[in-house]
Structures are given as C-alpha cells and as structure tokens.
Visitor: 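Quick one: the structure is below, questions incoming.
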Protein chains: 2
Amino acid sequence: MTDQRNIGFQDIRDEVLNRIQTRIWPQGSLLPTELELAAEFGVARATVNRALRELADQGIVTRKRKGGTRVVTTPVKQARLPITVVRQTIEEMNAEYRYALVSRTLIDCPAWLQAKLGLPEGTQVLHLQCMHHADNRPFQFEERWINIAAVPHVADEDFLTVGPNEWLLAEVPFSNAEIAFSAVPATGQLQDFLSVPPGTPLFQLERTTWFQNKPVTFVRMTFHQGYQMRTTY
Amino acid sequence: MTDQRNIGFQDIRDEVLNRIQTRIWPQGSLLPTELELAAEFGVARATVNRALRELADQGIVTRKRKGGTRVVTTPVKQARLPITVVRQTIEEMNAEYRYALVSRTLIDCPAWLQAKLGLPEGTQVLHLQCMHHADNRPFQFEERWINIAAVPHVADEDFLTVGPNEWLLAEVPFSNAEIAFSAVPATGQLQDFLSVPPGTPLFQLERTTWFQNKPVTFVRMTFHQGYQMRTTY
DNA sequence: ATTTCTATTATGTTCAGATTTATAGGAGTA
DNA sequence: TACTCCTATAAATCTGAACATAATAGAAAT
C-alpha cells in the first residue's frame with residue numbers, strides 16, 4: 001500500500017491556478033473543457049466543475065455556457081474584510097474592553113437621515129452616542145441612529161451595559177449593510193472623547209444596515225488616532 | 001403540464017436563510033442533518049450540501065463533521081471590497097484619467113522596507129512616486145517600492161505612460177496581498193501633490209504584495225481629501 | 001444580404017450511491 | 001478526577017450518469 005491520496009478538487013484547483021500563474025494558460029486564453037480536464041486528471045467532470053467554480057468565485061476565471069472557461073484579462077481581486085464587533089476586536093488584542101453610554105435620546109428623524117434611509121416623515125429614531133475603550137484608552141466613538149419601527153422593543157433597552165452594536169447583532173442578525181470608509185478631522189465631541197488635538201486625522205467607518213429591505217440603523221464609528229484596519233487577499 | 005420548476009439548491013439556500021432570519025432556527029441552534037433536509041425538500045443530499053456550503057461560505061452557519069450544521073452565534077459578516085486599479089475607479093466616475101510620473105530611482109532597500117518584506121541585505125529596489133488625476137484634479141498620490149529580484153525586467157520600464165499598478169497587474173497577476181487602511185495627516189509632498197493644507201486628514205491604503213510567497217512590492221496610496229471607499233455586504 | 005431555424009457544444013445543475021475524514025460523546029483506564 | 005481509546009455519526013468528497021440551459025455556428029429560408 002502506498003500512502004498516495006487520490007487527487008481531489010483542491011489539487012485540481014491549485015494546479016489550474018498554478019498553470020495560470022506560470023502563464024501556461026495566459027490571461028485571456030481559453031482553458032480545456034471540463035471533460036478534457038477530467039480526462040487529464042482522471043476524475044469525474046463534477047470534480048473539475050467544483051474546482052473551476054471556486055476559481056470563478058475568486059474572480060480568476062470567467063465561465064460561460066458553450067463559451068468555455070477563460071482566464072480573466074484584468075483580475076479584480078476582492079479583499080474580504082471581516083466586520084466584527086468592537087469588543088471582539090479589542091479582546092483579540094488581549095486588551096481589556098470597557099463600554100460607556102454617553103447619551104441616549106428619542107428624537108424625530110433628522111432630514112438628512114430620513115433621506116439617507118428613505119424613511120417616511122415624522123419617524124421616531126433612537127439616537128445613541130457611546131465610547132469603547134481598550135485598556136482604559138479611548139478606542140472608538142460610536143454615534144448611532146436606530147429606526148424604532150424596524151426594531152420595536154429597542155425603546156425598552158437602556159444600553160447602559162451592552163453596546164448597541166452587540167445588541168442589534170443579537171436582535172437583528174444577518175442583515176445587509178452598506179459601508180463607507182474615510183478619513184475625517186477630529187472636531188467637537190471627537191476631540192474630547194478620543195483625547196486628540198483638534199483636526200487630528202481619524203479613521204471613520206459609516207454603515208447603513210437593512211433587514212429584509214427595511215432600514216434598521218445608521219452608525220458612524222470613529223477610531224482612535226493611528227488606527228489601522230487590516231486584511232489580506 | 002404545470003410550469004412548476006423543480007426546486008434547486010438556491011431555493012433551499014434561501015429557505016434555510018429565511019428560517020434562520022425568522023428565528024425558526026435561532027442563533028447557536030443545530031440544523032437538521034443533510035439527510036433530513038434532503039428528505040424534507042425531496043432532493044438529493046448533494047443539493048442540500050451545496051446550499052448549506054454557500055451559507056457556510058457567507059459565514060451564516062458553521063459546519064463540522066459529526067458536529068452538524070449550526071447557526072453562528074455572532075455573525076461575522078465579511079465585506080468584500082473590490083480592489084481595482086485607479087484608472088478604472090476614475091473612469092467609472094465618468095471622469096478623465098490622467099497619470100504622471102513624479103520620480104523613479106533605483107535604490108538600496110531601506111531598512112524598514114527590508115524588515116517589512118523580509119528581504120536580504122543590500123537588495124536593490126525601484127522607488128517610484130506618481131500622481132493620478134481625475135478631471136485634472138489630484139485624485140491619488142502613489143508611492144511604491146518594487147523588489148527588482150522578483151520582477152527582473154521592471155528595470156527596463158520607464159513608467160512614463162503606464163502606472164506601476166497597471167504594469168504590475170499585467171506582469172504579475174493573481175498575487176497575494178496584505179492591505180491596511182488608515183487616516184493620515186497631509187505632510188511634506190502630500191500637501192503639494194494633493195493640493196491640501198498641511199495636516200488635512202487623508203485616506204491611505206498600504207498594500208504589500210507577494211507572488212508565490214516572494215515579496216514583490218509595497219505601495220502606499222493616499223487619496224484626495226474627502227475620498228470615501230464604499231462597499232456593501 | 002438578412003433573418004430564422006436547428007444542431008451542437010460546454011457549462012450548470014441534479015441525482016443516487018459510495019467512500020473518506022473529523023469528531024462528539026461514551027466507555028474504559030490510570 | 002483526568003486521561004486515553006473507541007465508535008457511531010455527520011459532513012466532505014468523489015463518481016458516473018443524466019438532463020437543463022445558454023450561446024454559438026451553420027444551414028435554410030426569406
């Protein structure tokens with residue numbers, strides 16, 4: 001008995017990727033058909049299909065019925081950046097997490113937010129401001145507006161001990177969101193809460209969240225000076 | 001004949017997602033086995049497998065051999081942000097793209113870069129600075145270091161008409177990268193090239209690229225004032 | 001020359017059956 | 001109690017087949 005394992009779809013995926021990287025199959029070229037590859041590697045067509053589909057998901061190749069499988073000419077790789085709750089981010093740094101509610105008010109939806117979320121006039125929203133600390137140093141200032149209609153019993157929650165991010169994640173999980181990253185100057189409250197001189201460049205993340213096509217919340221998260229968001233692809 | 005199509009893996013994926021969203025299967029709970037679901041929907045087990053695998057890829061459920069399929073407790077959704085070349089970004093805005101080389105010098109690898117990329121001492125790198133304009137307004141300042149050893153004939157390229165980003169994408173496609181986003185103050189050259197007052201908060205993207213585990217390039221891209229990077233998930 | 005039909009082709013999806021692999025949980029042991 | 005060893009289980013994967021679907025090329029008709 002040899003310990004030679006049978007080749008699987010991952011081996012085929014890797015080998016095909018290798019041939020693309022080494023220009024055996026250059027950009028824009030047509031790959032052999034699934035049937036041909038299945039014959040070459042000695043596997044079923046379904047196995048080749050699985051391998052090529054993964055490469056297609058990664059944007060390495062494009063596939064068309066009848067047209068065959070083609071190496072893309074201009075690879076548009078996608079960076080996948082995991083969006084976690086602040087507490088988790090901080091705890092992964094082996095730092096102590098501390099949360100503090102700054103303000104909590106029930107207000108009429110401001111016009112800009114009404115437009116942004118497409119809410120009817122006169123909608124009530126819960127406006128929250130909170131701070132997240134790591135080892136007693138300011139980490140993130142969070143300003144959030146929640147559509148009461150979308151999450152009725154949010155009005156009963158005081159948010160004194162649990163942050164709105166985590167609360168909403170438990171209440172309305174698996175929602176859709178739109179995110180925008182930018183650099184903003186420290187002004188007004190930001191200077192105070194993040195303990196930085198006015199005008200300091202800060203990394204900011206804005207996110208609008210929907211649950212089943214209904215707007216739930218808009219949040220603006222501003223990070224401490226020098227924060228970097230990292231990912232690989 | 002009715003026009004009732006057979007149900008496919010997408011229908012099952014959607015139905016399972018729906019049951020998760022409506023808390024029929026709450027967070028942390030164990031889903032029925034593939035065999036049970038296959039029986040319920042009247043399909044083959046492979047079809048259920050395909051549906052559940054997609055949900056697992058999206059981070060909605062976790063799957064373990066023997067352990068079964070479980071709804072995740074803290075959904076860590078991944079934002080997929082497509083990294084394109086600047087020219088494409090600008091052209092998609094229906095703006096006119098213009099590129100200009102600022103400087104191009106062959107230097108000994110500075111110590112900080114040597115450490116960052118894990119290069120041997122005395123390695124030669126090509127140092128480039130360039131500007132990308134949109135409708136004749138500064139859009140992005142790009143500072144880049146390229147490991148000559150990894151891309152030998154980069155030394156023959158003058159980069160007068162084509163940007164290093166696009167050149168490298170054509171030369172070394174399908175590479176791996178590590179990305180970091182941050183907010184930085186406009187200092188030195190940045191003020192001049194991006195036409196902003198000193199200290200202006202600017203959005204910056206740093207990226208280290210490897211090709212088959214060999215470091216290829218490190219780039220620092222600083223965007224014009226007010227730039228937002230957007231995505232959905 | 002142009003349109004319309006038709007056969008071909010390669011991928012897309014599904015199926016039923018089978019084997020492999022990781023592992024949760026229990027039984028046995030130190 | 002804590003540890004190791006077992007075993008049933010559920011997912012992970014592969015197979016070889018079938019049919020579906022979209023895109024294309026070429027033939028036929030206009």
Side-chain angles (χ1 to χ4, degrees), chain A residues 1-17 19-20 24-73 75, chain B residues 1-17 19-20 24-73 75:
Chain A
M1 274 293 280
T2 78
D3 63 350
Q4 164 83 39
R5 294 196 331 277
N6 285 330
I7 62 170
F9 80 93
Q10 308 198 21
D11 303 293
I12 295 171
R13 182 202 345 101
D14 294 344
E15 173 58 20
V16 170
L17 178 59
R19 291 187 191 176
I20 290 172
I24 292 172
W25 293 327
Q27 291 171 73
S29 68
L30 202 60
L31 265 55
T33 68
E34 292 187 343
L35 223 48
E36 289 167 338
L37 286 173
E40 181 194 335
F41 290 107
V43 298
R45 190 171 76 91
T47 307
V48 174
N49 181 279
R50 170 86 190 262
L52 293 182
R53 195 180 15 175
E54 289 221 349
L55 291 175
D57 287 344
Q58 289 172 44
I60 309 286
V61 299
T62 52
R63 321 192 68 199
K64 269 211 295 235
R65 281 169 170 157
K66 160 82 178 180
T69 304
R70 206 171 272 282
V71 184
V72 300
T73 46
Chain B
M1 276 295 280
T2 77
D3 61 351
Q4 163 83 39
R5 294 197 332 278
N6 286 329
I7 62 171
F9 77 94
Q10 308 198 22
D11 303 293
I12 295 171
R13 188 213 326 112
D14 294 345
E15 173 58 21
V16 170
L17 178 59
R19 291 186 191 177
I20 291 172
I24 291 172
W25 293 328
Q27 291 170 72
S29 68
L30 201 60
L31 265 56
T33 68
E34 292 187 343
L35 223 50
E36 289 166 339
L37 286 173
E40 182 195 334
F41 290 108
V43 298
R45 196 172 74 88
T47 308
V48 173
N49 180 280
R50 170 87 189 261
L52 293 182
R53 181 157 27 98
E54 290 221 349
L55 291 175
D57 288 343
Q58 289 171 45
I60 309 286
V61 299
T62 52
R63 321 192 68 199
K64 270 211 293 233
R65 282 170 166 153
K66 158 77 180 181
T69 304
R70 207 170 271 283
V71 185
V72 300
T73 45

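Just so you know, these numbers use all the heavy atoms, side chains as well, and skip hydrogens, waters and symmetry mates. Naming convention: chains lettered A, B, ... in sequence-line order (proteins, then strands); numbering from 1 in each chain.
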Visitor: Of the candidate nucleotides D:dA22, C:dC15, C:dT11, which contains the atom at the shortest distance from the side chain of A:Lys66?
Guide: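 Of the candidates, D:dA22 comes closest.
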Visitor: Could you state the atom-to-atom distance from CZ of A:Arg65 to P of D:dT24 in whole Å?
Guide: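 After rounding, the gap between these two atoms is 13 Å.
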Visitor: Using a 4.0 Å heavy-atom cut-off across all strands, classify B:Arg53 as base, sugar-phosphate, or nothing.
Guide: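 The answer is nothing, as B:Arg53 stays clear of every strand by at least 4.0 Å.
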Visitor: Tell me: CZ of B:Arg63 to P of C:dA24, nearest whole Å?
Guide: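 That distance rounds to 15 Å.
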Visitor: Out of D:dA11, C:dC15, C:dG12, which has the shortest distance to the side chain of A:Glu34?
Guide: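 From the listed options, C:dG12 comes nearest.
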Visitor: With a cut-off of less than 4.0 Å, is there a side-chain N or O of A:Asn49 near OP1 or OP2 of C:dG12?
Guide: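 It does, given that an N or O in the side chain of A:Asn49 lies less than 4.0 Å from OP1 or OP2 of C:dG12.
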Visitor: List, one per line, each side-chain donor-acceptor pair under 3.5 Å for residues 36-56 of chain B, sequence neighbours excluded.
Guide:
from	atom 1	to	atom 2	distance (Å)
B:Glu36	OE1	B:Thr33	N	2.9
B:Glu40	OE1	B:Arg19	NH1	3.3
B:Glu40	OE2	B:Arg19	NH1	3.2
B:Glu40	OE2	B:Arg19	NH2	2.6
B:Arg45	NH1	B:Glu34	OE1	2.3
B:Asn49	ND2	B:Glu34	OE2	2.8
B:Glu54	OE1	B:Arg13	NE	3.0

Visitor: Rounded to whole Å, how long is the line connecting atom CZ of B:Phe41 with atom C1' of C:dT13?
Guide: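 Atom-to-atom, B:Phe41 to C:dT13, this comes out as 17 Å.
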Visitor: Using a cut-off of 4.0 Å on non-hydrogen atoms, how would the nucleic acid contact of A:Gln10 be classed: base, sugar-phosphate, or nothing?
Guide: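 Sugar-phosphate contact only.
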Visitor: More 5' along DNA chain D: B:Ala46 or B:Thr33, using each one's nearest nucleotide?
Guide: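 Between the two, 5'-proximity favours B:Thr33.
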Visitor: B:Thr47 side chain N/O closer than 4.0 Å to the phosphate oxygens (OP1, OP2) of C:dC15?
Guide: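 True: B:Thr47 side-chain N/O within range (under 4.0 Å) of C:dC15 OP1/OP2.
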Visitor: Please give me the minimum heavy-atom distance between B:Gln27 and B:Thr73, naming the atom from each residue.
Guide: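 Taking every non-hydrogen atom into account, OE1-O, 2.6 Å.
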Visitor: Provide the closest heavy-atom pair for A:Gly8 versus A:Asp11 in the form atom of the first, atom of the second, distance.
Guide: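 Here A:Gly8 and A:Asp11 meet closest at N-OD2, 2.7 Å.
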Visitor: Mind checking if B:Gly8 touches a base, just sugar-phosphate, or nothing, with heavy atoms under 4.0 Å?
Guide: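 B:Gly8: backbone/sugar contact only, no base atoms under 4.0 Å.
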Visitor: Which nucleotide sits closest to the side chain of A:Arg45: D:dT9, D:dA11, D:dC19?
Guide: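 The answer is D:dC19, which lies nearest to the side chain.
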Visitor: Can you check whether B:Lys64 has a side-chain N or O nearer than 4.0 Å to OP1 or OP2 of D:dA10?
Guide: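 Checking D:dA10 against B:Lys64, no side-chain N or O comes under 4.0 Å of OP1 or OP2.
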Visitor: Taking CG from A:Leu35 and P from C:dA10, how many angstroms apart are they, rounded to a whole number?
Guide: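 Taking atom P of C:dA10 as the reference, CG of A:Leu35 is at 8 Å.
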Visitor: Specify the separation, in whole Å, of atom CZ of B:Phe9 and atom C1' of C:dG12.
Guide: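 Rounded to the whole Å, the gap is 9 Å.
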Visitor: Between A:Arg13 (CZ) and D:dT13 (C1'), how many Å, whole number?
Guide: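 Roughly 13 Å, once rounded to whole Å.
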Visitor: May I ask you to decide if B:Gly28's main-chain N or O and B:Arg70's side chain share a donor-acceptor pair within less than 3.5 Å?
Guide: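 Judged by distance alone, yes, a pair lies under 3.5 Å.
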Visitor: Without decimals, in angstroms, what is the distance between A:Arg50 CZ and D:dT13 C1'?
Guide: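 To the nearest whole Å, that distance equals 8 Å.
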Visitor: Of the candidate nucleotides C:dC15, C:dT11, D:dT13, which contains the atom at the shortest distance from the side chain of B:Ala44?
Guide: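 Nearest to the side-chain atoms of B:Ala44, counting from C-beta on, is C:dC15.
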Visitor: In whole Å, I'd like the distance from the CG atom of A:Asp11 to the P atom of D:dC14.
Guide: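 Value for this atom pair: 8 Å.
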Visitor: Would you call B:Ile20 and B:Val61 a side-chain contact if the rule is heavy atoms closer than 4.5 Å?
Guide: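 Side chain of B:Ile20 against side chain of B:Val61, heavy atoms only: contact under 4.5 Å found.
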